[in-house]
A.B. asks: 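Have a look at this one.
Since we're looking at a predicted model, the values are computed, not measured. Scope of the values below: all heavy atoms of this structure, side chains included, with no hydrogens, waters or symmetry mates. Heads up: numbering here begins at 1 and tracks the sequence.
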Amino acid sequence: LQNFILGLKQALWAAFDNEGFFERAEQIKDYYAGQQAEALNDLAKEAEPLELKLILQAPDGYMFVPADEEGEPLEADAYAALPAEKRRNLRRCIESLDKKLRRVLRRLAKLEKQGRQEQLDLNDEVAKEALEDGLKKLLKKYKKYPKLTQYLESLEQDVLNNLSIFLHLDNEEEESLLTLEIDKRIPTRYQVNLLVSHAKNSPAPVVEESLPTYNNLIGHVETLTYQGTVATDFSLIRPGALHLANGGYLLLDALQLISH
């Protein structure tokens with residue numbers, strides 16, 4: 001399994017770090033960016049004859065403001081100098097266009113969501129292709145073990161749901177566009193903590209425990225301390241003598257056992 005995960009990281013590198021993926025990702029990005037620009041441009045053109053300009057102003061977002069003869073935002077003092085009737089007409093036009101702007105922005109939000117989903121679907125498609133060969137070999141090799149094949153199938157879905165473990169964001173604002181992180185370590189969630197291993201046709205184990213404390217007999221869970229925080233996970237579970245001697249013999253000093 002560890003060889004499979006290491007191979008998967010290389011396969012993901014090959015799958016995501018190529019022109020084919022970048023081209024398809026750019027097509028998705030360009031299409032939805034074009035849809036957004038077209039909708040806003042149409043609204044801006046509609047505002048021009050009304051002497052209004054559509055601007056992007058943080059943190060309020062898009063808004064209409066009065067414009068001068070050159071199409072630039074009108075200064076506050078110039079706006080105040082306009083006749084009262086002119087200002088009322090401008091306010092009525094702004095209110096009317098604001099309603100249309102809100103409808104357009106709602107539609108753009110849906111388009112943005114669709115674009116993000118298309119990018120995520122592309123990521124899944126590319127990742128599945130990278131997973132396919134190695135996973136098929138493991139499923140074929142261990143097809144006699146239903147629980148293991150079930151685990152491998154669950155692992156496939158888990159990898160697809162957690163691509164960010166293998167990949168890092170190309171842009172902090174683009175959560176869906178991913179590129180590979182160069183790292184040869186196996187993520188903890190995909191590691192195997194082998195507690196006991198008895199080779200096939202090997203003799204029954206004989207384990208002598210000279211210090212039969214509770215932890216040495218039953219096993220224990222180790223912890224790690226990082227910056228004052230204590231943490232643990234399944235990879236820190238350690239077997240006891242009872243696990244190691246399972247199917248064989250455990251030798252204990254009775255006096256030591258009583259004293260501990």
Side-chain angles (χ1 to χ4, degrees), residues 1-33 109-195 197 221-239:
L1 181 61
Q2 293 186 2
N3 289 336
F4 166 68
I5 295 297
L6 288 174
L8 175 60
K9 300 189 85 168
Q10 295 299 320
L12 285 172
W13 173 271
F16 281 89
D17 190 33
N18 70 75
E19 289 302 321
F21 170 74
F22 291 138
E23 183 177 348
R24 293 178 64 184
E26 283 298 320
Q27 287 175 353
I28 294 173
K29 182 179 178 180
D30 291 345
Y31 172 77
Y32 286 99
K110 291 180 180 179
L111 284 173
E112 183 179 357
K113 185 177 180 180
Q114 291 174 8
R116 186 176 295 276
Q117 187 58 51
E118 281 194 27
Q119 181 61 58
L120 292 173
D121 291 343
L122 174 60
N123 292 342
D124 281 353
E125 178 186 336
V126 172
K128 282 181 179 179
E129 291 176 357
L131 271 163
E132 190 173 14
D133 289 341
L135 190 62
K136 278 185 176 179
K137 291 178 182 178
L138 285 178
L139 288 171
K140 183 178 180 180
K141 183 176 181 180
Y142 297 108
K143 62 182 179 181
K144 295 181 180 179
Y145 306 95
K147 289 186 177 180
L148 186 52
T149 55
Q150 183 181 358
Y151 169 78
L152 291 172
E153 290 169 354
S154 299
L155 182 142
E156 177 186 18
Q157 189 58 50
D158 191 82
V159 169
L160 295 176
N161 292 340
N162 295 279
L163 281 176
S164 58
I165 293 177
F166 297 91
L167 309 167
H168 68 271
L169 302 184
D170 185 56
N171 185 317
E172 291 182 358
E173 298 180 355
E174 294 288 340
E175 295 182 0
S176 56
L177 185 59
L178 302 168
T179 55
L180 193 73
E181 180 180 21
I182 304 175
D183 187 353
K184 294 184 178 180
R185 294 173 298 177
I186 297 176
T188 300
R189 69 189 295 115
Y190 302 123
Q191 290 179 6
V192 174
N193 182 14
L194 185 60
L195 297 181
S197 176
V221 180
E222 294 179 351
T223 59
L224 294 175
T225 302
Y226 179 72
Q227 294 184 350
T229 301
V230 178
T232 188
D233 58 49
F234 76 94
S235 67
L236 296 175
I237 299 174
R238 301 294 179 250

A.B. asks: Counting distance only, does the side-chain N/O of Thr232 pair as donor-acceptor with the main-chain N or O of Glu222 below 3.5 Å?
C.D. replies: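 Checked: pair present.
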A.B. asks: Given the rule in the side chain to side chain contact (heavy atoms under 4.5 Å, CB included) test, do Val221 and Phe234 qualify, once you have shown the distances and angles that lead to the verdict?
C.D. replies: CA-CA 8 Å; Val221 180; Phe234 76 94; over 6 Å; no
A.B. asks: What are the two closest heavy atoms between Ala25 and Leu122, and how far apart are they?
C.D. replies: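 So the two residues come closest at N-CD2, 3.8 Å.
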A.B. asks: Of Gln119, Glu125, Glu19, Lys29, which is the lone residue that meets side-chain contact (heavy atoms from CB on, under 4.5 Å) with Arg24?
C.D. replies: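 When Gln119, Glu125, Glu19, Lys29 are each tested with Arg24, the side-chain contact (heavy atoms from CB on, under 4.5 Å) holds only for Glu125.
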A.B. asks: Going by the rule ring pair (Phe, Tyr, Trp, His ring centres under 6.0 Å), which residues pair with Tyr190 if we only count those two or more places apart in sequence or in a different chain?
C.D. replies: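 Tyr190 satisfies ring pair (Phe, Tyr, Trp, His ring centres under 6.0 Å) with Phe166 only.
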A.B. asks: Show the numbers, then the answer: is there a side chain to side chain contact (heavy atoms under 4.5 Å, CB included) between Val230 and Leu224?
C.D. replies: CA-CA 6 Å; Val230 178; Leu224 294 175; over 6 Å; no
A.B. asks: Report the residues that fulfil salt bridge (charged side-chain N to carboxylate O under 4.0 Å, His left out) with Lys136, sequence neighbours left out, ordered by chain and then residue number.
C.D. replies: Glu132
A.B. asks: Dump the intermediate steps for side-chain hydrogen bond (donor to acceptor under 3.5 Å, both in side chains) on Tyr32 and Glu118, then the final yes or no.
C.D. replies: CA-CA 10 Å; Tyr32 286 99; Glu118 281 194 27; 2.5 Å; yes
A.B. asks: Distance-only, no hydrogens or angles: does the Asn18 side chain make a donor-acceptor pair with backbone N or O of Ala14 under 3.5 Å?
C.D. replies: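 Pair found, side chain donor or acceptor close to backbone of Ala14.
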A.B. asks: If you look at every heavy atom in Phe21 and Phe16, which pair is closest and at what distance?
C.D. replies: CD2-O, 3.2 Å
A.B. asks: Compare every heavy atom of Ala130 with every heavy atom of Ala15, then report the nearest pair and how far apart it is.
C.D. replies: CB-CB, 4.2 Å
A.B. asks: Can you tell me how far the CG atom of Leu160 sits from the CD atom of Gln157, to the nearest 0.5 Å?
C.D. replies: 5.5 Å
A.B. asks: Please round to the nearest 0.5 Å and tell me the distance separating atom CG of Leu1 and atom CG of Leu138.
C.D. replies: 7.0 Å
A.B. asks: Using side-chain contact (heavy atoms from CB on, under 4.5 Å) as the criterion, list what pairs up with Leu139, not counting sequence neighbours.
C.D. replies: Leu135, Thr149, Leu152, Glu153
A.B. asks: Does the Asn193 side chain pair with the main chain of Ile237, one donor and one acceptor, at a distance under 3.5 Å?
C.D. replies: yes
A.B. asks: Kindly give the heavy-atom pair with the smallest separation between Ile28 and Gly115, and that separation in Å.
C.D. replies: CG2-O, 3.7 Å
A.B. asks: So do Leu236 and Thr223 actually touch side chain to side chain, heavy atoms under 4.5 Å?
C.D. replies: no
A.B. asks: Quick check for you: to the nearest 0.5 Å, what is the distance between Phe4 atom CZ and Lys9 atom NZ?
C.D. replies: 13.0 Å
A.B. asks: Is it the case that more than 12 heavy atoms not belonging to Glu112 sit under 6.0 Å from its CD atom?
C.D. replies: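 Check fails, neighbour count at 12 or below.
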A.B. asks: Rounded at 0.5 Å granularity, tell me how far CG in Leu8 sits from CD in Glu156.
C.D. replies: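 It comes to 10.0 Å.
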A.B. asks: Rounded to the nearest 0.5 Å, how far does CG of Leu155 lie from CD of Gln150?
C.D. replies: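 It comes to 12.5 Å.
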A.B. asks: Taking Ser154's backbone N and O only, do any of them form a donor-acceptor pair with Asp158's side chain (distance below 3.5 Å, no angle check)?
C.D. replies: no
